[in-house]
Amino acid sequence: MNNFPIKALLFAFNVFVFFVSNLNAQEAPSWVDFCKNRESGTMKNSVLLDYSYAGYHFSEKEIPDVSTWNTIYVTDYGATPNDAAYDDAGIQAAIDAAEASGIPTVVYFPSGRYIVGSEQTKENPIEVNKSYIVLKGSGSGSDGTEIYADKHGDVSLRWNTPWQFLFQPSKGSSVKIATIAKSIHRGDKTVVVDRSDDIVPGMLVKIEHLGVENLEVNFPGLEFSPKWTYINKNGIRVREKHLVTKVQGNTIYFKNPVNYNIPLNGDYADIKTYEPLKEVGVQDILFTSAWKQYPEDFVHHANNTVDYAWRAVNFKQVYNSWIQNVKFRDWNDCITISESLAVTVKDIEVSGKQGHASYKAGASTGVLFQNCKDFVPVGFNDAGGQAHGPGFQGYSTGCVFTNIQMQKHQSVDCHAQQPYGNLYDNIKGGSFSRNGGSEHFYPNSGPDLVFWNFVHSSNYETQEFDFWSVKKRRLHTYILPKFVGFTSPGEEITFKNEGLDESHGKQVYPQSLFDAQLQLRFHDVYASASSQKEGCPAINVVNTEVNDFWSPADSSEDSYLMLDFGTKKTVNSIVLKENQKGIKTFKIECWIDGKWVSYMPKSSFKTANTWELDSAVNTRKVKLVIEETNPNRPIQIIEFKTL
């Protein structure tokens, strides 16, 4: 098994109270199909893409502890908290000094309130232009760090209205270094090019492709409206970002898979350079703005001020970076991750006066949004949350929203220009009715948009969502979206022109597709449990880190652990290691022909902590069921595996 920092996975278990274990739920056939194609190397045939490559370092590493980095205090450069003066110059001076240091540096904001956005500075974002720079406060709570934006920039620029904080490299050029010489299938990690002289392992590159030929290859026979001028002219635009791991002749190997079928006969299909910022971050800060005092409530597109005035943080062309433990109160636009790769946005809260947009990925690859909440109260269109909820736009792909709290009747936002191959995973609340984007950039989403265990919550009693119409404009126009485990408590929601509607009305196993795919990628097994105490998830039983263990959250008796190998393997015995021998008796259940079959293993005299089955079992899933416990000894399972 592969070993990596297990804390990189723990976010999947810091879920909200409504995300409960569903090991007794119906197993999703699409999950079984994915595991089968993954094992056989035929991902082009899989119903599901592999979405596990989203996030910081492709979710292989946890967000770093920057306490050991060099630290610069903004207060040493002219920024003073809790006074009436503007702090833009002091903050920018501290950032400039951090960049000049040439070493990884934290720009630290001691607790208090800092004011930015003066009449003189409102058109100029506070910028980070070099790698290894982190803006860090003393916490996003009431006694932490608050950055308050007063004036706003020129709103006549609309979506180009300046952001308050902008991370982008000082140069953004990209040059062609190869032409793709062989068609690519979705799921491929290899690309054949005409020449590889300028490509080396560790390099970041972009695949760029335009051509209407890719429409027929990906969805033959599908009709497009003549009003959708962009896709009719260009097909779905591909601008995926990839990390090169190996070069062998003219074959290039990628870390993260390609998410779209790219025909060789397209108008063009090139490999270009990609040089982003690296290892930048924002954490432990509360951002607020003067939008709260503006004498007008939000009405979508009522004017440019309500749409675009106060915009908080933009990551533009960054890689292996993060935003963590940050709160946004009273903003028109909170976060955009644009033209980026492998970024994590984690533990975010949006609140205050309703505005235009919450958090989204634009023209990015592999952005992970996890454990984010929107508390904005009901406003425009009788919906809660920001008008545009969590979303993708502009050929973003491989991006994931997981464990997200939306507000009732808030819409997800696939904002046209054909984002494709993205995942909404384990989402509570929200709907599909008000995606954004001009009609000539339709559809709102390209293929392989997956909604996994999405709990719908809207003002509808009954509603049919028709996801494809070439005659009538619909604000939820997706190419064959896939729904697995869709539920709508108290509502009757039906679909038309969907690509898949699996287990409608019932949540499915696994609860989180992203979590299951990620575990399978690193451990060749997916560990889950009936319940777990905070900080003691099931994944701990398959890692090799010392002192990690699984504990059930509730009564230990009848609790269970389960290992899912994805495909069948032969099991002769199991290894069970505990901290304090809390288990008195247990049984093993194996998944045979669609049902659980019980086995009573016998302790091995040959090897400690090993129990042997009566005979070898060919099975895909194995469950450890706790029957009796020893009094006053907590259940703490260190290791559970099969042999």
Side-chain angles (χ1 to χ4, degrees), residues 16 18 159 289 291-292 294 296-312 327-336 348-361 369 372-393 401 403-416 419 422 424 426-439 444-445 449 451 453-467 473-478 481 483 486-495:
F16 311 130
F18 54 82
W159 47 80
S289 86
W291 167 234
K292 181 178 182 179
Y294 187 75
E296 189 173 350
D297 290 333
F298 177 81
V299 175
H300 193 245
H301 289 343
N303 56 63
N304 289 340
T305 300
V306 302
D307 280 341
Y308 308 111
W310 284 275
R311 313 177 83 195
K327 296 180 180 179
F328 298 88
R329 189 172 67 220
D330 308 317
W331 288 89
N332 303 91
D333 204 345
C334 300
I335 300 173
T336 289
I348 302 301
E349 292 186 7
V350 179
S351 64
K353 184 178 178 181
Q354 188 178 50
H356 194 190
S358 53
Y359 37 88
K360 61 181 178 292
F369 298 85
C372 301
K373 306 177 185 179
D374 189 333
F375 295 120
V376 171
V378 172
F380 174 70
N381 207 22
D382 294 324
Q386 298 285 81
H388 292 298
F392 318 103
Q393 67 182 36
F401 286 95
N403 300 339
I404 301 295
Q405 171 71 70
M406 296 174 63
Q407 289 295 301
K408 186 175 182 180
H409 210 62
Q410 182 183 32
S411 181
V412 299
D413 186 30
C414 297
H415 210 94
N422 298 300
Y424 286 102
N426 209 20
I427 307 295
K428 172 68 173 180
S431 187
F432 321 115
S433 59
R434 295 179 307 280
N435 294 261
S438 301
E439 189 174 11
N444 299 96
S445 177
L449 173 63
F451 295 86
N453 280 336
F454 189 102
V455 182
H456 191 270
S457 178
S458 71
N459 295 333
Y460 306 121
E461 292 183 4
T462 62
Q463 178 71 17
E464 179 187 72
F465 287 101
D466 184 353
F467 294 106
R473 181 181 182 183
R474 301 185 188 279
L475 300 179
H476 46 270
T477 301
Y478 308 148
F483 295 89
F486 174 88
T487 57
S488 53
E491 305 172 302
E492 185 179 343
I493 305 297
T494 56
F495 302 143

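This is a predicted model, so every value here is computed, not measured. Excluded from the calculations below are hydrogen atoms, water molecules and symmetry mates; all remaining heavy atoms, backbone and side chain alike, are included.
Side-chain atoms of R311 do not come within 3.5 Å of backbone N or O of I335 as any donor-acceptor pair. Not a single donor-acceptor pair under 3.5 Å links the side chain of S457 to the backbone N or O of G429. D413 places no side-chain N or O within 3.5 Å of a backbone atom of P390 that could act as its donor or acceptor partner. Put simply, the side chain of T477 never gets that close to the backbone of F467: no donor and acceptor are under 3.5 Å apart. Checking side-chain atoms of K373 against main-chain N and O of S351 turns up no donor-acceptor pair under 3.5 Å.
Atom CD of Q393 and atom CG of N422 lie 11.5 Å apart (nearest 0.5 Å). Note: F298 CZ to W291 CH2 = 7.5 Å, rounded to the nearest 0.5 Å. Atom CG of N453 and atom NZ of K428 lie 12.0 Å apart (nearest 0.5 Å). In this structure, SG in C372 is found 12.0 Å from CE in M406, a value given to the nearest 0.5 Å. Here NZ of K327 is found 10.5 Å from CD1 of I348. Values are rounded to the nearest 0.5 Å.
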Would N332 and Y308 satisfy side chain to side chain contact (heavy atoms under 4.5 Å, CB included), going step by step from the backbone distance to the final call? CA-CA 6 Å; N332 303 91; Y308 308 111; over 6 Å; no
Check the pair N444, H415 against side chain to side chain contact (heavy atoms under 4.5 Å, CB included), reporting the backbone distance first and the verdict last. CA-CA 6 Å; N444 299 96; H415 210 94; over 6 Å; no
Dump the intermediate steps for side chain to side chain contact (heavy atoms under 4.5 Å, CB included) on R329 and V350, then the final yes or no. CA-CA 6 Å; R329 189 172 67 220; V350 179; over 6 Å; no
Does the pair D374 and Q410 meet the rule for a side chain to side chain donor-acceptor pair (under 3.5 Å), with working shown? CA-CA 10 Å; D374 189 333; Q410 182 183 32; 2.9 Å; yes
Step by step, work out the side chain to side chain contact (heavy atoms under 4.5 Å, CB included) result for F465 and T494. CA-CA 6 Å; F465 287 101; T494 56; over 6 Å; no
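Remark: E296 engages N303 in a side chain to side chain donor-acceptor pair (under 3.5 Å) (not counting sequence neighbours). Judged as a side chain to side chain donor-acceptor pair (under 3.5 Å), and not counting sequence neighbours, the contacts of Y478 are N435. With sequence neighbours excluded, the residues forming a side chain to side chain contact (heavy atoms under 4.5 Å, CB included) with K292 are D330, listed by chain and number. Under the side chain to side chain donor-acceptor pair (under 3.5 Å) criterion, H356 pairs with H300, H388, sequence neighbours left out. Qualifying side chain to side chain donor-acceptor pair (under 3.5 Å) partners for Q407, counting only residues two or more places apart in sequence or in other chains: none.
Taking the six-membered ring for Trp, F392 and Y424 have ring centres closer than 6.0 Å. Aromatic pair F483/F495: ring centres closer than 6.0 Å. The aromatic ring centroids of F454 and F432 lie less than 6.0 Å from each other.
The nearest pair of heavy atoms linking A416 to G437 is CB-CA, 3.7 Å. Of all heavy-atom pairs spanning P419 and S445, the tightest one is O-OG, 3.2 Å. Nearest heavy atoms, Y460 versus S433: OH-CB, 3.2 Å. Of all non-hydrogen atoms in G389 and S358, the two that sit nearest each other are C-OG, 3.2 Å.
Under the side-chain hydrogen bond (donor to acceptor under 3.5 Å, both in side chains) test applied with S431, the options H409, Q463, H456, E491 reduce to a single match, H456.
Within the 4.5 Å cutoff, the side chain of Y359 has no heavy atoms near those of the F328 side chain. Side-chain contact check for K408 versus N459: some heavy-atom pair is nearer than 4.5 Å. Between I493 and F486 there is a side-chain heavy-atom pair separated by less than 4.5 Å.
More than 12 heavy atoms of other residues, nucleotides or ligands sit less than 6.0 Å from atom CD of E464.
There is a side-chain donor-acceptor pair under 3.5 Å between N426 and N403.
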Just list the side-chain donor-acceptor pairs under 3.5 Å for residues 379-387, sequence neighbours left out, or say none.
residue : atom : partner : partner atom : Å
Q386    : OE1  : G355    : N            : 2.7
Q386    : NE2  : W331    : O            : 3.0
Q386    : NE2  : A357    : O            : 2.9

